[in-house]
Amino acid sequence: MVKIKFPDGAIRSYESGLTPYEIASSISSGLARSIISSDFNGQKIETTTQIFDDGNLTFYTWKDNEGKEAFWHSTAHLLAQVLEEFYDGIKLTIGPAISNGFYYDVDFGEHSMSEKDFLKIEKRMIEIAREKHEFKLRSISKKEALDFYKKNRNQYKTELIENLKDGEITFCDHDNFTDLCRGGHIPHTGLIKAVKLMSVAGAYWRADQNNTQLTRVYGISFPKQKELTEYLNLLEEAKKRDHRKLGKELELFTFSSKVGQGLPLWLPKGAELRERLESFLKKAQKKAGYKQVISPHIGNKELYTTSGHYQKYGESSFQPISTPADGEEFLLKPMNCPHHCEMYNSKQWSYKELPVRYAEFGTVYRYEQSGELHGLTRVRGFTQDDAHIFCTEEQITEECLTVTNLILEIYKDLGFEDVILKYSDRPELRVGDDQVWDKSEAALLEAIKATKLEYSINKGEGAFYGPKIEFVLRDAIGRDWQCGTLQVDLNLPGRLGASFVDSDGNKKVPVMLHRALFGSLERFIGILIENYSGKLPFWLCPIQTIVIPISSDFDDYAKQVNIQLKKIGLTSEVDLKNHNLNYKIREHSLTKVPMLLICGKKEVDSNTVTIRRLDSKKQETMDINKFLKEFSALNKAPSI
């Protein structure tokens with residue numbers, strides 16, 4: 001008999017050798033029908049894998065990310081099978097699941113493939129899927145694996161196998177197709193009901209431009225045709241909301257090849273939006289006891305080596321800047337935390353003075369690959385709303401709970417009330433001993449539970465210095481965005497010599513909490529633009545009102561109204577261009593200005609303005625003093 005522990009804490013005994021599917025069947029037939037993947041003791045296994053040891057078992061369905069990963073990875077096998085059938089002599093490389101679907105990198109040799117081939121490939125994939133072929137994982141010796149791919153003259157798979165350890169090699173079979181694979185599949189192809197190939201692109205073998213350029217085929221699949229239809233409709237809606245398109249139309253930001261890829265240039269309206277977000281968060285942080293600090297854009301390489309950031313981010317950082325005169329090397333700042341630690345170290349602290357909370361809008365730099373850059377959501381220079389809290393171990397839970405409540409309040413003000421928490425524990429590559437990690441993980445979990453919110457666990461996905469919580473926002477069209485983070489760090493302060501004098505008179509190392517609400521201003525603004533489809537809340541709009549005189553006879557009155565609007569803090573402009581009224585209304589509606597104030601003889605005589613709101617043909621005439629009073633109140637975040 002083996003003892004199996006389930007995620008809810010229940011422990012049950014089963015005969016040795018049963019599979020996850022058989023165990024699920026013993027619980028309920030409905031559960032058995034829905035599971036498509038499993039995890040045993042932190043390792044992904046097939047639903048048909050026999051279990052001979054005690055351990056923790058988790059079932060995954062299509063609703064789980066892990067279930068989708070198995071589903072999409074399995075579909076990648078199906079794609080590879082059809083590609084080999086249609087294009088004789090091609091060489092397969094790798095075919096992983098990604099956040100939305102899967103891809104397969106292929107060396108097509110003398111063949112070529114384009115989007116015009118998608119329909120026939122999709123049709124054949126569904127034909128094979130309906131035959132319900134089982135995915136079967138089998139172990140194979142390294143020699144047998146090498147012989148198989150050398151016979152097929154596939155140098156890519158051969159290279160992968162040569163880098164594997166003996167005894168860790170498995171193949172996956174379904175129908176007449178075999179592929180090198182570590183596992184993580186659905187039970188059979190019949191679960192795949194809908195397939196859509198999305199695009200083809202170039203990709204270098206192992207992401208090295210010195211290697212052969214392959215063809216990357218992207219696709220996605222679903223267990224129901226209805227879900228594919230909904231997904232494609234979502235993509236169409238997302239195209240309309242694309243922040244790159246709207247950012248250009250709204251004149252918020254631009255990019256220049258002369259400045260450099262991935263380095264956004266903020267235009268006046270975009271700078272105003274950033275300033276409003278920063279001001280909003282600074283007020284909230286000041287109220288919560290944070291002190292604003294500023295650190296330089298570069299730092300000595302030795303600082304990041306000591307902290308561990310150079311070892312972790314060195315490959316994705318810009319190359320060190322040398323100073324021949326004194327032999328120092330500097331890096332463009334990849335993270336703010338070492339700088340904040342050195343600020344803390346500028347004086348000796350007492351336990352009575354903790355917690356110390358530093359906050360900064362600090363710009364950092366990462367050398368992202370050019371193919372991975374994407375508007376504001378993936379850039380090379382970005383500004384983090386970074387904060388670091390230095391506290392005692394006894395203060396961890398209370399501080400984490402306070403941070404979590406602050407983050408949730410900020411998100412609510414910005415229109416995001418559907419927030420998901422994800423807890424990530426120790427990764428394989430990390431600093432610090434297990435005893436320190438035990439303390440960090442226990443404290444952060446206690447804080448999560450105190451929020452009373454639901455959370456999921458991402459095994460092994462913590463930061464290299466500590467466990468973390470990720471705050472995932474769900475936007476207006478149902479997409480999830482990982483934004484805020486909270487990390488407990490009992491490692492970095494010690495590495496950088498931070499201390500405080502405890503009640504017993506001895507020096508101790510403080511705990512460091514890393515916290516960001518937006519993640520980065522650039523990415524968060526991109527998310528905001530797409531969530532609101534460019535129609536931002538009134539208090540965030542870079543241009544809130546445009547005053548439009550009906551003719552030049554009323555220019556002076558329009559200018560006077562504009563001055564009064566600015567006095568109460570509204571961002572306002574006067575449109576004195578020589579165009580007719582309808583043209584001006586249409587022009588400013590396209591740039592999403594929330595309110596147009598129209599002035600003519602009637603308005604001048606009665607000291608009023610006629611209001612035309614965005615997306616409304618109705619007009620309302622209001623006394624100017626009443627307007628100023630009402631809209632002054634609207635020019636603030638809901639919680640302020």
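None of these values were measured; they are calculated from a predicted model.
Taking each heavy atom of Gln395 and Cys391 in turn, the nearest pair found is OE1-CB, 3.2 Å. Nearest heavy-atom pair across Ser37 and Gly67 is CB-CA, 4.5 Å. In terms of heavy atoms, Lys301 sits closest to Pro320 at CD-CG, 4.3 Å. Summarising the geometry of Asp385 relative to Ser520, their closest heavy-atom pair is OD1-N, 4.3 Å, with the distance given to 0.1 Å. Smallest separation of non-hydrogen atoms from Ala476 and Asn531: N-OD1, 2.7 Å. Contact detail for Thr392 and Phe500: the closest heavy-atom pair is CG2-CZ, 3.8 Å.
Ser26 places a side-chain N or O within 3.5 Å of a backbone atom of Ile23 that can act as its donor or acceptor partner. The main-chain N or O of His73 is never found under 3.5 Å from a side-chain atom of His185 such that the two would form a donor-acceptor pair. With hydrogens and angles disregarded, a donor-acceptor distance shorter than 3.5 Å links the side chain of Asn345 to the backbone of Leu496. A donor-acceptor contact shorter than 3.5 Å links the side chain of Tyr344 to the backbone of Ser499. Side-chain atoms of Thr49 do not come within 3.5 Å of backbone N or O of Ile45 as any donor-acceptor pair. Lys68 places a side-chain N or O within donor-acceptor distance of the main-chain N or O of Trp62, the cut-off being under 3.5 Å. A donor-acceptor pair is defined here as one N or O able to donate and one able to accept, closer than 3.5 Å; no such pair exists between the side chain of Ser533 and the backbone of Ile529. Put simply, the side chain of Asp475 gets close to the backbone of Arg479: a donor and an acceptor are under 3.5 Å apart. Under a 3.5 Å cut-off, the side chain of Asp64 and the backbone N or O of Thr61 do form a donor-acceptor pair. Under the 3.5 Å distance criterion, the side-chain polar atoms of Ser25 are matched with a main-chain donor or acceptor of Tyr21.
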Apply the test side-chain contact (heavy atoms from CB on, under 4.5 Å) to residues Ile4 and Val2: give CA-CA distance (whole Å), side-chain angles for both, the deciding distance (0.1 Å), then the verdict.
CA-CA 6 Å; Ile4 301 297; Val2 293; 4.2 Å; yes
Glu134/His188 under side-chain hydrogen bond (donor to acceptor under 3.5 Å, both in side chains): CA gap, chis, key distance, verdict
CA-CA 4 Å; Glu134 291 183 18; His188 59 81; over 6 Å; no
Please report the C-alpha distance between Thr363 and Thr383 in whole Å, then the side-chain angles of each, then the deciding distance to 0.1 Å, and finally whether the side-chain hydrogen bond (donor to acceptor under 3.5 Å, both in side chains) criterion is met.
CA-CA 4 Å; Thr363 302; Thr383 303; 2.9 Å; yes
What's the verdict on salt bridge (charged side-chain N to carboxylate O under 4.0 Å, His left out) for Arg474 and Glu417, showing C-alpha distance, side-chain angles and the deciding distance?
CA-CA 8 Å; Arg474 184 154 290 163; Glu417 298 195 42; over 6 Å; no
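No option in Asn56, Leu57, Thr58 other than Leu57 meets the side chain to side chain contact (heavy atoms under 4.5 Å, CB included) test with Phe40.
Annotation: the span from Ile192 atom CD1 to Thr75 atom OG1 amounts to 3.5 Å, rounded to 0.5 Å. One distance of note links CE of Met335 with OG of Ser307; it measures 9.0 Å at 0.5 Å rounding. With rounding to the nearest 0.5 Å, the separation of OG in Ser221 from CD in Glu227 is 10.5 Å. Taking NZ from Lys333 and CD from Gln384, the interatomic distance works out to 8.5 Å, rounded to the nearest 0.5 Å. Rounding to the nearest 0.5 Å places CD1 of Ile186 at 6.5 Å from CD1 of Ile36. For the atom pair CD (Glu275) and CG (Leu273), the distance works out to 10.5 Å, reported to the nearest 0.5 Å.
Outside the 6.0 Å centre-distance limit, the rings of Trp349 and Phe390 are not counted as a close aromatic pair. Aromatic ring centroids of Tyr218 and Tyr103 lie under 6.0 Å apart. Between Trp481 and Phe416, the distance from one ring center to the other does not fall under 6.0 angstrom.
Remark: Lys44 NZ is loosely packed, at most 12 non-hydrogen atoms of other residues, nucleotides or ligands lying under 6.0 Å away. Glu353 CD: more than 12 foreign heavy atoms inside a 6.0 Å radius. Applying the 6.0 Å contact sphere to CD of Gln348 captures more than 12 heavy atoms from other residues, nucleotides or ligands. Within 6.0 Å of CD on Glu372 lie more than 12 heavy atoms contributed by other residues, nucleotides or ligands. No more than 12 heavy atoms of other residues, nucleotides or ligands sit less than 6.0 Å from atom CD of Gln43. At most 12 heavy atoms of other shown residues, nucleotides or ligands fall within 6.0 angstrom of atom NZ in Lys63.
Between Glu522 and Arg274 a salt bridge is recorded (basic side-chain N to carboxylate O distance below 4.0 Å). A salt bridge links Arg426 with Asp434: the closest approach of a Lys/Arg side-chain nitrogen to an acidic carboxylate oxygen falls below 4.0 angstrom. Classification of Glu230 and Lys224 as a salt-bridged pair fails, no side-chain N sitting under 4.0 Å from a carboxylate O. Note on Arg357 versus Glu399: salt bridge recorded, some NZ/NE/NH1/NH2 to OD/OE distance being below 4.0 Å.
Annotation: side chain of Gln487 is not in contact with side chain of Pro467 (no heavy-atom distance under 4.5 Å). Counting heavy atoms from C-beta outward, His388 and Leu513 have side chains that stay 4.5 Å or more apart. Contact of the Gln292 side chain with the Phe361 side chain is registered, since non-hydrogen atoms from C-beta on lie closer than 4.5 Å. At least one side-chain heavy atom of Leu277 sits under 4.5 Å from a side-chain heavy atom of Ile525. A heavy-atom distance below 4.5 Å is found between the side chains of Val488 and Ile396. Two residues are said to be in side-chain contact when any heavy atoms from C-beta on lie closer than 4.5 Å; Thr402 and Leu406 fail this criterion. At a threshold of 4.5 Å between non-hydrogen side-chain atoms, the residues Phe471 and Cys483 do not count as touching. Residues Val511 and Asp489 form no side-chain contact, since every pair of their non-hydrogen atoms from C-beta on lies 4.5 Å or further apart.
Under the 30°/60° scheme for interplanar angles, the aromatic rings of Tyr231 and Phe222 are found to be tilted. Relative ring orientation between Phe524 and Tyr411 is described as parallel, the plane-to-plane angle staying below 30° on a 0-90° scale split at 30° and 60°. Using cut-offs of 30° and 60° on the angle between ring planes, the pair Phe135 and His77 is tilted.
Among residues two or more places apart in sequence or in another chain, the salt bridge (charged side-chain N to carboxylate O under 4.0 Å, His left out) test is passed with Glu22 by none. Under the salt bridge (charged side-chain N to carboxylate O under 4.0 Å, His left out) criterion, Asp425 pairs with Lys459, sequence neighbours left out.
The closest side-chain donor-acceptor pair between Glu530 and His243 falls under 3.5 angstrom. Glu470 and Ser424 are not linked by any side-chain donor-acceptor pair at a separation below 3.5 angstrom, with hydrogens and angles left out of the test. Side-chain contact, Gln285 with Arg515: a donor N or O sits under 3.5 Å from an acceptor N or O. In summary, the side chains of Ser139 and Thr170 do not present any donor paired with an acceptor at a separation below 3.5 Å, with no hydrogens or angles considered.
Cation-pi contact between Arg380 and Tyr367: present, with separation from the ring centre below 6.0 Å and deviation from the ring axis of at most 45°.
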